[in-house]
J.: 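Questions regarding the structure given below will be posed in turn.
These numbers were taken from a predicted model, which means no experiment stands behind them.
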Amino acid sequence: MHADTGGLAMCSPQWVRQRQCSSNTICIFISYVNIFFVLFLCNIINITEAAAARIKLPGNASVSAVIIFGDSIVDTGNNNNNFKTLARSNFPPYGKDLKGGMPTGRYSNGKVPSDLIVEELGIKELLPAYLDPTLQPKDLLTGVVIAAGGAGYDPLTAQVAGVASLSDQLKQFKEYIKKLKAIAGEERANFIISNSLIFVVAGSNDISNTYFLTGMRKLEYDVPSYTDLMLNYASEFVKDLYGLGARRIGLLNTPPIGCVPSQRTVAGGVLRECDEKQNQASQLFNSKLSAEADDLNKNLPNSRVVYIDIYNPLLDLINNPTKYGFEVANKGCCGSGIIEVTKLCNQIQPAGTCSDDSKYVFWDSYHPTERAYKIIVQQILDKYTKFFL
């Protein structure tokens with residue numbers, strides 16, 4: 001489950017014996033006191049390592065890597081050098097609570113679900129963007145984020161935003177597999193892919209932007225038929241992933257998009273209530289996605305296609321913020337909190353940011369704070385991890 005632990009080789013009894021007896025000089029030099037000190041130190045290291053993974057996998061189950069597709073909820077910087085799009089967040093105040101306060105292209109004040117998933121599983125602290133120019137070959141062994149902020153199941157969504165569509169992300173996945181085989185060999189690469197947790201996070205931009213905000217699909221589709229279109233693309237994408245060796249695939253449903261601050265502002269009236277039309281569209285799509293996940297499991301041998309509900313966990317944070325220690329759920333921390341997102345959420349906008357983002361469910365007008373994400377990720381991993389194994 002963990003990344004390469006070769007650095008802890010000294011913690012094995014074999015290492016101690018080798019250090020004791022590989023030569024007479026070493027045997028004389030190393031006293032029993034030193035040996036016991038090494039073993040004591042190793043015990044401390046092992047305890048620390050075990051504590052790093054909060055989610056305990058049963059028996060001999062393992063997770064080789066985490067690979068994530070989709071949109072800005074999980075993107076960790078793939079749009080940073082894409083100057084065709086405004087869907088970027090590689091500038092302050094984004095990332096202000098990451099180590100060093102550096103903006104990395106994560107659409108939040110700190111870590112996003114991609115990072116929190118691998119952290120909870122004890123794989124690594126941050127899940128890098130596949131297009132990160134500083135990405136190292138060894139990083140591929142434990143997974144990457146291929147998602148692009150602004151993408152959706154509907155290809156038109158990514159086209160309008162000027163970002164990589166799911167079809168483009170699939171091409172990048174094929175490149176990733178090729179690189180992985182060059183590093184690890186074909187047999188190990190196939191094992192990594194089949195034992196990875198692969199998540200798909202999309203649909204929000206389709207509903208909020210492509211259908212309701214711009215109305216670009218309204219002339220052609222009503223809500224039921226548009227959600228059918230989304231579902232068809234989602235199903236085909238899962239089948240394509242399966243064809244490339246993926247077996248553990250998590251499909252996150254769409255959130256209550258009508259309740260995010262920007263949609264309250266645009267469509268919630270004077271009181272900025274939740275837009276129930278968007279929420280109903282999300283619920284309709286989610287019911288179809290859940291049924292489709294069941295069908296895919298039946299028709300894709302040895303697959304674990306898991307439908308993951310984030311709609312209700314996020315809605316509970318929004319409706320009952322004080323239950324979780326939040327104070328503000330209808331505005332973001334950045335700027336006025338009612339409209340600022342991506343380029344509008346910047347270091348020079350007059351309103352600045354809130355004094356304590358831990359009290360806010362949302363960081364900007366569209367994306368939750370790290371603290372809100374952490375609560376949701378813990379809930380979904382506790383509930384759904386067993387279904388992948």
J.: Would a hydrophobic clustering, with Ile, Leu, Val, Met, Phe, Trp and Tyr connected at side-chain separations under 4.5 Å, put L126 with L197?
T.: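 The answer is no; the residues belong to distinct hydrophobic clusters.
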J.: Using the rule side-chain hydrogen bond (donor to acceptor under 3.5 Å, both in side chains), only one of T214, D206, N209 pairs with T157; which is it?
T.: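 Exactly one pass, corresponding to D206.
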J.: Work out which heavy atom in Q172 is nearest to a heavy atom in A164; give both atom names and the distance.
T.: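 Smallest interatomic distance, heavy atoms only, reads NE2-CB, 4.2 Å.
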J.: Angle between ring planes, F387 versus Y384, binned at 30° and 60°: parallel, tilted or perpendicular?
T.: tilted
J.: Determine, stepwise, if the pair S72 / D75 fulfils side chain to side chain donor-acceptor pair (under 3.5 Å).
T.: CA-CA 5 Å; S72 60; D75 186 2; over 6 Å; no
J.: Nearest heavy-atom pair of F212 and A281: which atoms, and what distance?
T.: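 Minimum heavy-atom contact is CE1-CB, 3.9 Å.
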J.: Mind running side-chain contact (heavy atoms from CB on, under 4.5 Å) on V201 and D71 for me, showing each step along the way?
T.: CA-CA 6 Å; V201 186; D71 58 26; 4.0 Å; yes
J.: Is it true that Y153 and L231 fall in one hydrophobic cluster, defined by side-chain heavy atoms closer than 4.5 Å?
T.: yes
J.: Any donor and acceptor pair, going by atom type alone, linking the side chain of T76 with main-chain N or O of A129 inside 3.5 Å?
T.: yes
J.: So, do V223 and K277 sit near enough that their side-chain heavy atoms are less than 4.5 Å apart?
T.: no
J.: What are the two closest heavy atoms between L381 and T385, and how far apart are they?
T.: O-OG1, 2.6 Å
J.: Quick check: are there more than 12 heavy atoms from other residues, nucleotides or ligands sitting under 6.0 Å from NZ of K331?
T.: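 No, not enclosed.
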J.: Is the backbone of N232 close enough, under 3.5 Å, to the side chain of S235 for a donor and an acceptor to pair up by distance?
T.: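 No; judged by distance alone, with no hydrogens or angles, the pair does not exist.
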J.: Are any non-hydrogen side-chain atoms of Y94 and C334 less than 4.5 angstrom apart?
T.: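 Of all side-chain heavy-atom pairs linking C334 with Y94, none is under 4.5 Å.
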J.: Verify, without hydrogens or angle tests, whether N279 (side chain) and G258 (backbone) share a donor-acceptor contact under 3.5 angstrom.
T.: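 Here the side-chain-to-backbone pair exists.
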J.: Can any side-chain N or O of R264 pair as donor or acceptor with the backbone N or O of R272 at less than 3.5 Å?
T.: yes
J.: Quick check for you: to the nearest 0.5 Å, what is the distance between I380 atom CD1 and I375 atom CD1?
T.: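 Taking CD1 in I380 and CD1 in I375, the distance rounds to 13.0 Å.
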J.: Does a side-chain heavy-atom distance below 4.5 Å link L170 with F69?
T.: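 Side chain of L170 against side chain of F69, heavy atoms only: no contact under 4.5 Å found.
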J.: Working to the nearest 0.5 Å, report the span between OH of Y242 and CG of N302.
T.: 6.0 Å
J.: With a 4.5 Å cut-off on side-chain heavy-atom distances among I, L, V, M, F, W and Y, is there a chain of contacts connecting L135 to I146?
T.: yes
J.: Given R248 and L389, is the side-chain contact (heavy atoms from CB on, under 4.5 Å) satisfied, shown in steps?
T.: CA-CA 8 Å; R248 299 166 167 178; L389 307 175; 3.8 Å; yes
J.: Using the rule that Ile, Leu, Val, Met, Phe, Trp and Tyr join whenever any side-chain heavy atoms are under 4.5 Å apart, tell me whether L156 and L213 fall into a single cluster.
T.: no
J.: Could you give the distance from CD1 (I249) to CD1 (I308), rounded to the nearest 0.5 Å?
T.: 11.5 Å
J.: Is it true that, when you exclude E186 itself, more than 12 heavy atoms of the residues, nucleotides or ligands shown sit nearer than 6.0 Å to its CD?
T.: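 Open: at most 12 neighbouring heavy atoms sit under 6.0 Å from CD of E186.
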J.: Give the minimum heavy-atom separation between E370 and L116, together with the two atoms involved.
T.: O-CD1, 4.2 Å
J.: Parallel, tilted or perpendicular for Y107 and H367, by the 30°/60° rule?
T.: tilted
J.: Determine yes or no for a side-chain-to-main-chain donor-acceptor pair under 3.5 angstrom, with N346 supplying the side chain and K343 the backbone.
T.: yes
J.: Report yes if the side chains of L289 and T254 come closer than 4.5 Å at any heavy-atom pair, otherwise no.
T.: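 Heavy-atom side-chain distance check fails, nothing below 4.5 Å.
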J.: Are any side-chain N or O atoms of S365 and backbone N or O atoms of I339, one a donor and one an acceptor, separated by less than 3.5 Å?
T.: yes
J.: Please step through side chain to side chain donor-acceptor pair (under 3.5 Å) for the pair S108 and R106, ending with a clear verdict.
T.: CA-CA 6 Å; S108 189; R106 289 167 169 82; over 6 Å; no
J.: Decide yes or no for N195 and R247: does some side-chain heavy atom of the first lie under 4.5 Å from some side-chain heavy atom of the second?
T.: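 In short, these two side chains do not touch, never coming nearer than 4.5 Å.
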J.: Checking side-chain contact (heavy atoms from CB on, under 4.5 Å) for the pair D139/D132: CA distance, chi angles, key distance, verdict?
T.: CA-CA 11 Å; D139 294 328; D132 183 346; over 6 Å; no
J.: Go through the steps for Y366 and S208 under the test side chain to side chain donor-acceptor pair (under 3.5 Å), then give the verdict.
T.: CA-CA 10 Å; Y366 203 90; S208 65; 2.9 Å; yes
J.: Using a strict cut-off of less than 4.0 Å between a Lys/Arg side-chain nitrogen and an Asp/Glu carboxylate oxygen, indicate whether D357 and R371 qualify as a salt bridge.
T.: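 No.
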J.: Roughly how far, to the nearest 0.5 Å, is the CG atom of L252 from the CD1 atom of I376?
T.: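 Nearest 0.5 Å value for the CD1-CG distance: 10.0 Å.
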J.: If every non-hydrogen atom of A158 is compared with every non-hydrogen atom of S165, which pair is closest and at what distance?
T.: CB-CA, 3.5 Å
J.: Would you say E119's side chain and G122's backbone share a donor-acceptor pair under 3.5 angstrom?
T.: no
J.: Under a 4.5 Å side-chain heavy-atom rule over Ile, Leu, Val, Met, Phe, Trp and Tyr, are V328 and V361 clustered together?
T.: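 No: no chain of side-chain contacts under 4.5 Å links V328 to V361.
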J.: Using the salt bridge (Lys or Arg N to Asp or Glu O under 4.0 Å) criterion, which residues pair with D240? Sequence neighbours excluded.
T.: none
J.: Using the ring of each side chain (for Trp, its six-membered ring), is Y226 parallel, tilted or perpendicular to Y221, with breaks at 30° and 60°?
T.: tilted
J.: Could I get the full list of ring-ring contact (aromatic ring centres under 6.0 Å, His included) partners for F388, not counting sequence neighbours?
T.: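 For F388 the ring-ring contact (aromatic ring centres under 6.0 Å, His included) partners, ignoring immediate neighbours, are F199.
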J.: Is V238 close to L251 at the side-chain level, that is, under 4.5 Å between some pair of heavy atoms?
T.: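 Yes, close enough: below the 4.5 Å cut-off.
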J.: Can you check side-chain contact (heavy atoms from CB on, under 4.5 Å) on L344 and Q349, steps first, answer last?
T.: CA-CA 7 Å; L344 294 178; Q349 49 87 16; over 6 Å; no
J.: What's the shortest heavy-atom distance between N80 and T104, and which atoms?
T.: ND2-O, 2.9 Å
J.: From Q283 CD over to I257 CD1, what is the distance, rounded to the nearest 0.5 angstrom?
T.: 13.0 Å
J.: With a 4.5 Å cut-off on side-chain heavy atoms, are I192 and R188 touching?
T.: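 They are in contact (side-chain heavy atoms under 4.5 Å apart), so the answer is yes.
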J.: Apply the test side chain to side chain donor-acceptor pair (under 3.5 Å) to residues Y324 and D316: give CA-CA distance (whole Å), side-chain angles for both, the deciding distance (0.1 Å), then the verdict.
T.: CA-CA 9 Å; Y324 300 93; D316 195 37; 2.4 Å; yes
J.: Using links of under 4.5 Å between side-chain heavy atoms of ILVMFWY residues, direct or through other members, which residues join L315 in one cluster?
T.: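 The other cluster members (ILVMFWY side chains, heavy atoms under 4.5 Å, direct or chained) are Y311.
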J.: Determine whether a donor-acceptor pair (N or O, by modelled atom type, separation under 3.5 Å) exists between the side chain of Q347 and the backbone of F91.
T.: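 No, Q347 side chain to F91 backbone: no donor-acceptor pair under 3.5 Å.
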J.: Donor-acceptor pair, distance only, cut-off 3.5 Å: does the side chain of D97 make one with the backbone of G110?
T.: no
J.: In terms of side-chain geometry, is the basic nitrogen of K178 or E175 positioned less than 4.0 Å from the acidic oxygen of its partner?
T.: no
J.: Within the distance-only criterion (no hydrogens, no angle test), does the side chain of N253 pair as donor or acceptor with the backbone N or O of I310 below 3.5 angstrom?
T.: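 Yes, because the side chain of N253 sits within donor-acceptor range (under 3.5 Å) of the backbone of I310.
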J.: Please tell me if the side chains of L296 and K239 come closer than 4.5 Å, counting only heavy atoms from C-beta onward.
T.: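 A side-chain contact exists here, since the closest heavy-atom pair is under 4.5 Å.
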J.: If you measure from CD1 on I68 to CD1 on I117, what distance do you get to the nearest 0.5 Å?
T.: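 Output value for this atom pair is 4.5 Å.
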